[in-house]
Amino acid sequence: MSATPTEHPDLAAEQEHLDDLLAVVDEARERLTERLRTAQRRRADIDQPQTLLERDHETHEVAGRLDEFSAAEIGLFFGRIDVDDDEPENPVTDVPGEPALDRRYIGRIGLHTADDEMRTLLMDWRAPLARPFYLATTLHPEGVHVRRHIRTRGRTVTAVADERLSGGDLPPHGEHDGSVAREGALLHAVNRARDRHMHDIVDTIVAEQDRIIREEHRGVTVVQGGPGTGKTAVALHRTAYLLYTWREQLSNTGVLIIGPNPRFLDYISQVLPSLGETGVVLATPGSLLPGVTARPLGAESLTAQEVKGSLEMLEILGQAVRDLQTVPESSLDFLIDGVTVSLTPQIARQARTRARRTRRPHNLARGRFRDAVLDLMRDAMADSIGADPLGGENLLTPADREQLRADLAEESDVAEAVDALWPELTAEEVLAGLYGSRQAVDSAAADYDELTRESLLREDRPDDWTEADAPLLDELAEILGIAGAEEAEAEEAEAEERRRWQSQVDEAQEALDILSGSAYQDLDDGTDAEILMAYDVIDAEQLAERQRVRSSMSTAERAAADRTWAFGHVIVDEAQELSAMAWRMIFRRSPNRWMTLVGDPAQTGSPAGVEDWAGALEPFVKDRWRLHELTVNYRTPSDISDIAARILAEVSPGQEAPACLRETGSGIREFPTTELAEAVARARETADDGLVGVIAAPERVTALQQAHGTDTVLVSDVNGAKGLEFDEVVLVEPVEIADGSPQGLNDLYVAVTRATQGLTLVHDLPVPW
């Protein structure tokens, strides 16, 4: 009989190996910490200006490596493979008389010896030579003789299990079935108690997931799979892989990860740091715009969500802006040097046409409108005061006409009138003005039906933004262009930077004067020795540049604060929820069209969401996208999956449900609504230290949260539970969710499949499956 993992005879040896690696990590951490201290000391040491460091660069480099080592404490390594290799870096003899194999330990980060040989002590899981750990099978061993799964808790090895894949008989301490150790690692991961944060799956990635994680396609990659197939985990590990493989490119442009709600972002926030990566921007569609706080989609009616997510809004928003490019009903008269000059409706209309023909954004076309108005008013004024009484040519010279124009431009009343006809606008002003005025809605949406117009009216709270408004604000920012106020602010910031820079140069010059002065005093002994002075190696501007306090913001921080930032790669989770307008907002941030989209149309809960990927992506990339499908449900036991399959057959006939990894969990229980408190208590008891999710229709959530919400009981509607998973789920009155929207059954499909162990149904009405 084979030994159990915890009785493995190599357990002590693996503990010793882990101790050795941790000693390397601890030593490296001490060196990095000292480097950081040295950099700070050198920067403060004005007596050595020629040795000052590029502080920001070194600080970020050192801090990043320290983050990696901190992440490694979660579990430095998790696997080992003994592989055929002509030139093994870490040779071991597996079978007497056979060539030596290469022994590769696989971990969350890479470690190498500090000597000239730079021998690999621990291989980063993303390295090409680590890939056989994930792909090898007994049918296709990829040169792997033994794959070892190593389980750790902090600095302690707790379990070891082997798979013999090729190259001889099973060793006495190994698992007899090569799939047992692999399956055991998977089952341990899926049965682990859940908490409010997701954990990485780096030690249990399977072949179909690995192929997606390492996909080399430099376009749009779509990852589709049913609930529990690991879509989110694959997306996050793909992020870590891309940052490892394309670090030079992505370190300057950043990676954007978009999730469905803030709770989801908090849930996934620990995965990338655990893999040694922190340089990403996490956002929801409603938080992409700097300075804009948007409420969840549930705060908007379903009709409003559908209208605001549709491409009809392009015409409505465009017309709303055009409606603010006005023409006066009658002439506006100005008395200039005793002469009456009129800004007539005809002049305003002609000027507006000229400005629109530039095709420039509204705010950037204001200058053209102003110039056209002044030109036309000048011409009218010249015709009036320069007319020859005898009918000859105009008596004004070109210089006279230019002076008239200059005089007009200096008139504040004229400037105010021009600004009122073509005002400087912000996206927030335009959208709030549209929502808050029936007249504005009726004009901008005149070509649409009454239901559409009513859904846009929000007269009592026009600037109370919801997530459906964010793409519209982004679209308006494009239509409007950069406002003059923003340009002025940017110019002021630039001027302030110049003033700060000059101050630093002056300080550096003073420091060099002090250094040179003291040096000359040292030469008073009359020697003729040629001394290298500070001025010979560095001038004031060079010294100031070295000491200059650059922005301490990381790439991710700068990207998050810039609406126009172009990310190197964009990952969208629950991508099926994006509306047509949201897709436009997302693709603006990915001009290179290198994206990973994760989702499942059968789980679409938004009335403006995705029905099929081709329809959503064609306007942006035509047919240049690849689809990958995940086929195994790692989360949900088969009894719950049977319910989910029945719902799936209704919402997406013909779509095949993913295969279940597990047969049983804690089971399915039913309670009447009068016993809701008992149902929640029972679920908490069954979950033990795990997490319980109470999911209900939106109108029930507040009361349920007050009655049952705790650190281990999360109460939510379906939108708030998207992307999350719980040990136990308590589903309250499922028919209310199903009847709550045209996508009610899709929402119910999502709710049912959040559980990893058991499902409790609390209902009085018949269940809708």
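The side chain to side chain donor-acceptor pair (under 3.5 Å) analysis of residues 726-741, with sequence neighbours excluded, yields the pairs Ser666-Glu728, Arg669-Glu728, Arg700-Glu736. Judged as a side chain to side chain donor-acceptor pair (under 3.5 Å), the pairs with a partner in residues 223-237 (not counting sequence neighbours) are, in order, Gln224-Trp613, Thr232-Asp573.
Side-chain contact of Thr221 with His628: a donor-acceptor pair under 3.5 Å is absent, judged by distance alone. Side chains of Ser716 and Arg263: a donor on one and an acceptor on the other come within 3.5 Å. Side-chain N/O atoms of Asp162 and His149 include no donor and acceptor closer than 3.5 Å. Side-chain contact, Gln743 with Asn746: no donor N or O sits under 3.5 Å from an acceptor N or O.
Proximity of Leu661 to Asn633: side-chain heavy atoms (C-beta onward) are nowhere separated by under 4.5 Å. At least one side-chain heavy atom of Leu243 sits under 4.5 Å from a side-chain heavy atom of Val280. At a threshold of 4.5 Å between non-hydrogen side-chain atoms, the residues Leu122 and Leu76 count as touching. Put simply, the side chain of Val694 does not reach to within 4.5 Å of the side chain of Leu731, judged on heavy atoms. Side-chain contact between Thr158 and Thr152 is absent, with no heavy-atom pair separated by less than 4.5 Å. Annotation: side chain of Phe77 is not in contact with side chain of Ile106 (no heavy-atom distance under 4.5 Å). Under the 4.5 Å side-chain criterion, counting only non-hydrogen atoms from C-beta, Val610 is in contact with Trp583. In this structure, the side chains of Val598 and Val234 stay at 4.5 Å or more apart for every pair of heavy atoms.
Between Gly723 and Tyr267, the closest heavy-atom pair is O-CE2, 3.5 Å. When every heavy atom of Cys660 is checked against every heavy atom of Ser641, the shortest pair comes out as SG-OG, 2.9 Å. Closest approach of Pro768 and Leu748 over heavy atoms only: CG-CD2, 3.4 Å. Heavy-atom minimum distance, Phe726 versus Leu714: CE2-CB, 4.0 Å. Nearest heavy-atom pair across Ile695 and Ala721 is CD1-CB, 4.0 Å. The shortest heavy-atom contact between Leu578 and Pro285 is CD2-CG, 3.9 Å.
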Could you walk me through whether Val735 and Val767 pass the side-chain contact (heavy atoms from CB on, under 4.5 Å) check? CA-CA 6 Å; Val735 73; Val767 293; over 6 Å; no
Please test Thr631 against Glu208 for side-chain hydrogen bond (donor to acceptor under 3.5 Å, both in side chains), starting from the C-alpha separation and ending with a verdict. CA-CA 9 Å; Thr631 60; Glu208 71 172 4; 3.1 Å; yes
Mind running salt bridge (Lys or Arg N to Asp or Glu O under 4.0 Å) on Lys722 and Glu577 for me, showing each step along the way? CA-CA 10 Å; Lys722 279 187 180 295; Glu577 301 300 327; 3.1 Å; yes
Going through the distances and angles, do Arg662 and Ser638 end up as a side-chain contact (heavy atoms from CB on, under 4.5 Å)? CA-CA 6 Å; Arg662 293 180 299 147; Ser638 61; over 6 Å; no
Please evaluate residues Glu277 and Arg108 with respect to the criterion salt bridge (Lys or Arg N to Asp or Glu O under 4.0 Å), reporting the C-alpha separation (whole Å), side-chain torsions for both, the decisive distance (0.1 Å), and the verdict. CA-CA 10 Å; Glu277 299 294 350; Arg108 288 171 169 78; over 6 Å; no
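The line from CH2 of Trp769 to CG of Asp642 is 12.5 Å long, rounded to the nearest 0.5 Å. Between the OG1 atom of Thr303 and the CD atom of Glu306 there is a distance of 7.0 Å, given to the nearest 0.5 Å. Note: Thr753 OG1 to Leu759 CG = 10.0 Å, rounded to the nearest 0.5 Å. Atom-to-atom distance recorded for Leu139:CG and Leu165:CG is 11.0 Å, nearest 0.5 angstrom. We find the CZ-CZ distance between Arg147 and Phe133 to be 6.5 Å, quoted to the nearest 0.5 Å. Of the inter-residue distances, the one linking Ile643 atom CD1 with Leu761 atom CG reads 6.0 Å to the nearest 0.5 angstrom.
Using a 30° and 60° split on the angle between ring planes, Tyr105 and His17 fall in the parallel class, below 30°.
With Tyr749 as the partner, the side chain to side chain contact (heavy atoms under 4.5 Å, CB included) test is satisfied by one option alone out of Leu648, Ile737, Val718: Leu648. The residue from Leu288, Thr284, Ile571, Leu282 that alone fulfils the side chain to side chain contact (heavy atoms under 4.5 Å, CB included) condition with Ile258 is Leu288.
Although no hydrogens or angles enter the test, the distance criterion places no donor-acceptor pair under 3.5 Å between the side chain of Glu725 and the main chain of Arg635. Side-chain atoms of His140 never come within 3.5 Å of backbone atoms of Glu142 as a donor-acceptor pair (strictly under, hydrogens ignored). A side-chain donor-acceptor contact under 3.5 Å links Asn261 to the backbone of Phe264. Using modelled atom types, no side-chain atom of Ser579 and backbone atom of Gly609 make a donor-acceptor pair closer than 3.5 Å. Listed for the Arg151 side chain is no donor-acceptor partner under 3.5 Å among the backbone atoms of Ala159. In terms of modelled atom types and a separation under 3.5 Å, the side chain of Gln576 and the main chain of Asp600 share a donor-acceptor contact. Checked by atom type and distance alone, the side chain of Gln209 pairs as donor or acceptor with a backbone atom of Val206 at under 3.5 Å. Between the side chain of Ser606 and the main chain of Ala608, a donor-acceptor pair closer than 3.5 Å is present. A donor-acceptor pair under 3.5 Å links the side-chain atoms of Asp764 to the main chain of Thr673, judged by distance alone. Side-chain N or O atoms of Gln15 include one that pairs as donor or acceptor with a backbone N or O of Arg155 at under 3.5 Å.
Arg646 is linked by a salt bridge (Lys or Arg N to Asp or Glu O under 4.0 Å) to nothing, counting only residues two or more places apart in sequence or in another chain. Checked against salt bridge (Lys or Arg N to Asp or Glu O under 4.0 Å), Arg754 has no partners two or more places apart in sequence or in another chain. Shown here are the salt bridge (Lys or Arg N to Asp or Glu O under 4.0 Å) partners of Glu14, two or more places apart in sequence or in another chain: Arg80, Arg148. Partners of Arg214 under the salt bridge (Lys or Arg N to Asp or Glu O under 4.0 Å) rule, at least two apart in sequence or in another chain, are Asp210.
Surrounding CD of Glu16 are at most 12 heavy atoms belonging to other residues, nucleotides or ligands under 6.0 Å away. Summarising the local packing, CD of Glu675 is surrounded by more than 12 heavy atoms from other residues, nucleotides or ligands at distances under 6.0 Å. In the displayed structure, Glu650 atom CD is contacted under 6.0 Å by at most 12 heavy atoms of other residues, nucleotides or ligands. No more than 12 heavy atoms of other residues, nucleotides or ligands lie within 6.0 Å of CD in Glu663, so this atom counts as exposed by the packing criterion.
Checked for salt-bridge contact, Glu300 and Lys308 meet the test: a charged N lies under 4.0 Å from a carboxylate O.
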